[in-house]
Amino acid sequence: MNSEHVEVIYTDGQKKQFPKGVPIEEALDAAGKGKDRWVAGRLNGVLLDLRSGLEEGGHLEGVPVDSKEGLEILRHSTSHLMAQAVKKLYPKARFAIGPAIENGFYYDFEVDEPFSQEDLSKIESKMKEIISARLEVKRREMPREEAIRYFEERDESYKVELLEEISDDIISCYQQGDFLDLCRGPHIPHTGHVKAFKLLSVAGAYWRGDESKPMLQRIYGTSFPDRDGLKQYLKFLEEARKRDHRRLGKDLDLFSFNDEVGAGMPIYHPKGALLRHILESFEKREHLRRGYQVVMGPTLLKTDLWKRSGHFDNYRENMYFTEIDEQSYGVKPMNCLAHMLIYKSRIRSYRDLPLRYFELGTVHRHEKSGVLHGLLRVRQFTQDDAHILCMPEQLHEEIQGIIDFVVEVMGIFGFAYEMEISTRPEKSIGTDEDWEKATAALVGALEGKGISYNVCEGDGAFYGPKIDVKLKDALDRKWQCATIQCDFTLPDRFDLTYVGADGHRHRPVMVHRVILGAVERFMGVLIEHYAGAFPLWLSPVQATIVTVTDSQVDFARKVWEELKGMGLRVELDDRNEKLGYKIREAQLQKVPYMLVIGDREVSAVGIAPRRRDGTQLELMSTGDFAALVERECLEASKGRVGLGII
RNA sequence: GCCGACGUAGCUCAGGGGUAGAGCAGCUGAUUCGUAAUCAGCAGGCCAAGGGUUCAAAUCCCUUCGUCGGCUCCA
């Protein structure tokens, strides 16, 4: 092979030679398949534009538009397309950034007037014009200085700011028609590749997410290779609205919020309270069997104590304070203080350790008004909180025990989750050495279990690094639930000690951890996870008895009492309505079982159960039905919960 | 907290300066019915709260509270 040629190896192993500089597009077409499906090429793992020339040989593959990278490129290009449309309609707009995100893209602009819903339609129309023009999307490389000059001349201060942080001498821009944007690429070859897109919403967003920086206008949108994909996604959004726990909380009469009470303070109605009670009983039992001890601390603690713990200095803006008899008190935002004082209430021996204090502790945090979100972010919530005090050499095992606990519980609820390790933030207390030790303990425990995790630098709590477990809501937004946090500082501040085998005092280490996290948030995620159709063991109402006519009401009452007596959660619908009406209502309430009682059942002394999925069971006795329910509960809860609640 | 939208009956929503509307739910009556809506009648609102503009405000303006979508923060 001479230097004028490059050799390409395709994914099927086939090899071909081309003159150097041949466009990737041509080299891919030569393989004879997939023409037009590609939005980019990948040479030796690097994504490149279809129009860029091959300067070196190697493994080459086409990136199909419906692959993960292909979609990303399409969406990124759609965001550029939108920016071009905005530039045409609002020449004074300044441009910030416009990346592809998980299900679409956004672009941030600085404009005099925020965009309205009508503006979005206008922008969409302009985008369609640009698509029809099939403008070529050209990559242009230029010296950094030249690019800075170009954007300075156009008063694009955000682009200049971005450029000033790029260290490369040569940077790339992409041009389509008269619109040029700073971008790494790659992009689709021409605007005609955008087939199905929609602008979804407008929102304010701080430049670089920093509230001290100007607020920009962000337009969110999405883009798909074809109309069907877009339609499906819009359908998913619609379905997600039906699963929304705020919607279901109302429909299923679980909880409410009230203007007169205040924001972020949930009110539990009977069924919501029962659901919560079931969760909490389950939790208590699970903790007791794992060697935790249940404790309880007060809600108000003197401010001096919060000063000693470091909360006053580091967490004050999230706390509520009040005064009693001229003494300042703080409402607890965390449960740790009382637990420390329990530890301190007597001399501890190494033989006592580890100590695991568990509390369903209700805390209050002043969350900013704009972030409140149904049950998922509130100002009053109850954590399934525990603090483990142990010897440093027990730390690893304790953390592994907690991880096992989390994995087991998430398995019972059937949640998929992501684990993250967060390291030291800027605002924090403790020595570097402590932080390193604690971080190493967390990493070691996860790696020991072979669990994969992401690292979030600087996202730790002020007192220590942590492992977070994130669950997703109906819209795939992630919410932190379980968290395991090391703390080498509180035992120090409170001078916690234990007497070792050597007769000397030593410092224990502490782990803060929650499994569900906040019961409120967990319930919110749980409601969306099951779309309100809870498994039998969690369902606040497990069965509704429905009578066919008035003449069966007496018998139905007896059945009702009997089933309640056996520990089932049953309701009776003896209203004078047609059977279909009552079935429909129970169905909409997502009750797992409907127990039909007509003349047949009265004479056979039984009930005819119908599952909420529509399947019809044989007429059976109340005892058989209770046994069925028990079996199903035990199965779904992996043996934890049968009939009744503790 | 910031940007934007929004707040009308229990719920879902219409009405946008001139007497508050619909469907569902509720109540009453009729009907007594076999697996996702029986019929009829009745009742229900200080239009989130407070202030202004106007002869007149649910409607226009201001403030507050709350909700929604984001930013940021976090369980």
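These numbers were taken from a predicted model, which means no experiment stands behind them. As a basis for the values below, the full set of heavy atoms in this structure was taken, side chains included, without hydrogen atoms, waters or symmetry mates. Just so it is clear: chains get the letters A, B, ... in the order the sequence lines come, proteins before strands, and each one is counted from 1.
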For A:E571 and A:T544, which I'm curious about, is there any donor-acceptor pair between the side chains at under 3.5 Å? no
Using a heavy-atom distance cut-off of less than 4.0 Å, which residues of residues 402-410 of chain A contact RNA chain B? none
Counting the atoms with a prime plus P, OP1 and OP2 as sugar-phosphate, which does A:V596 contact under 4.0 Å by heavy atoms, base, sugar-phosphate, or nothing? base
Counting the atoms with a prime plus P, OP1 and OP2 as sugar-phosphate, which does A:R365 contact under 4.0 Å by heavy atoms, base, sugar-phosphate, or nothing? base
With heavy atoms under 4.0 Å as the rule, sort A:V378 into base, sugar-phosphate or nothing. base
Which is true for A:E113 with a 4.0 Å heavy-atom rule: it touches a base, it touches only sugar-phosphate, or it touches nothing? nothing
Using Watson-Crick geometry (N1-N3 plus N6-O4 or O6-N4) or G-U wobble (N1-O2, O6-N3), each under 3.5 Å, B:G44 is paired with none
A:R377 atom CZ is separated from B:U67 atom P, nearest whole Å, by 14 Å
Is A:G370 touching bases, backbone alone, or none of the nucleic acid, heavy atoms closer than 4.0 Å? base
With both distances under 3.5 angstrom, what nucleotide forms a Watson-Crick or G-U wobble pair with B:U53? none
Under 3.5 Å between N/O atoms: give me all the protein pairs with nucleotides 24-28 of chain B, atom names plus distance.
| from | atom 1 | to | atom 2 | distance (Å) |
| --- | --- | --- | --- | --- |
| B:A25 | OP1 | A:Y581 | OH | 3.4 |

Between A:M334 and A:M594, who's closer to the 5' end of RNA chain B by nearest nucleotide? A:M594
Assess A:R584 against A:Y581: is NZ or CZ under 6.0 Å from the centre of the six-membered ring, and within 45 degrees of the ring's axis? no
Quantified in whole Å, what is the P atom distance between nucleotide B:C55 and nucleotide B:C13? 37 Å
Quick one: classify the glycosidic conformation of B:G16 as syn or anti, with syn meaning within 90° of 0. syn
Do A:T362 and A:T382 pair up side chain to side chain, a donor and an acceptor below 3.5 Å, judged on atom types alone? yes
Just name whichever nucleotide pairs with B:U38, Watson-Crick or G-U, keeping both distances under 3.5 Å, else none. B:A30
Decide yes or no, distance alone: a donor-acceptor N/O pair under 3.5 angstrom between the base of B:C68 and the side-chain of A:R241. no
Is A:R247 paired with A:D244 through a side-chain N to carboxylate O contact shorter than 4.0 Å? no
So what's B:U12 paired with, Watson-Crick or G-U wobble, going by both distances under 3.5 Å? B:A22
For A:G209, report the nucleic acid contact type (base, sugar-phosphate, nothing); a contact means any heavy atom under 4.0 Å. sugar-phosphate
Between A:D119 and A:Y90, is there a side-chain donor-acceptor contact under 3.5 Å, judged purely by atom types and distance? yes
Hey, does the Lys NZ or Arg CZ of A:R218 hover above the aromatic six-ring of A:Y106, less than 6.0 Å from the centre and inside 45° of the axis? yes
Members of residues 312-321 of chain A that approach RNA chain B, where some heavy atom sits under 4.0 Å away: none
Within the structure shown, what part of the strands sits under 4.0 Å from A:Q480 by heavy-atom distance: base, sugar-phosphate, or nothing? sugar-phosphate
Verify the ring-centre separation between A:F95 and A:F109: is it less than 6.0 angstrom? yes
Within the structure shown, what part of the strands sits under 4.0 Å from A:R477 by heavy-atom distance: base, sugar-phosphate, or nothing? sugar-phosphate
Write down the atom of A:A338, the atom of A:P298, and the distance for their closest heavy-atom approach. CB-CD, 4.1 Å
Using a distance-only test with no angle check, is there a side-chain donor-acceptor pair under 3.5 angstrom linking A:R610 and A:Q587? yes
Taking any strand in view, what nucleotide pairs with B:C73 in a Watson-Crick or G-U wobble way, both distances under 3.5 Å? none
Here the distance between atom P of B:U35 and atom CG of A:L619, to the nearest Å, is 15 Å
Pick base, sugar-phosphate or nothing for A:A205, based on heavy-atom distances below 4.0 Å to the nucleic acid. sugar-phosphate
Pick base, sugar-phosphate or nothing for A:K466, based on heavy-atom distances below 4.0 Å to the nucleic acid. sugar-phosphate
Touch class at under 4.0 angstrom, heavy-atom based, for A:Y220 against every strand present: sugar-phosphate
Pairing donors with acceptors under 3.5 angstrom, does anything connect the side chains of A:N318 and A:H366? no
Between A:E211 and A:K368, does at least one N-O distance fall below 4.0 Å, as a salt bridge requires? yes
Answer yes or no: is there an ion pair linking A:R208 with A:E165, defined by an N-O contact shorter than 4.0 Å? yes
Short heteroatom pairs, N/O only, protein and nucleotides 4-14 of chain B, under 3.5 Å:
| from | atom 1 | to | atom 2 | distance (Å) |
| --- | --- | --- | --- | --- |
| B:U12 | OP1 | A:R247 | NH1 | 3.2 |

Spacing of the C1' atoms in B:G69 and B:C27 (rounded, Å): 39 Å
Across the strands shown, which category fits A:D599 at heavy-atom distances under 4.0 angstrom: base, sugar-phosphate, nothing? base
Centroid-centroid under 6.0 Å between A:F358 and A:H387 rings: no
Of all residues at least two apart in sequence or in a different chain, which pass the side-chain hydrogen bond (donor to acceptor under 3.5 Å, both in side chains) check with A:Y593? A:R611, A:E632
Just checking A:E367: base, sugar-phosphate only, or nothing, at a heavy-atom cut-off of under 4.0 Å? base
Mind checking A:R218 for me? I need base, sugar-phosphate or nothing, with any heavy atom below 4.0 Å counting as a touch. sugar-phosphate
Near-strand residues of residues 92-101 of chain A, defined as heavy-atom separation under 4.0 angstrom from RNA chain B: none
Using a strict 4.0 Å threshold on nitrogen-to-oxygen distance, state whether A:E420 and A:K466 make a salt bridge. no
Any side-chain heavy atom of A:S539 sitting closer than 4.5 Å to one from A:V591? no
Donor-acceptor pair under 3.5 Å: do we get one between A:Y206's side chain and the base of B:G70? no
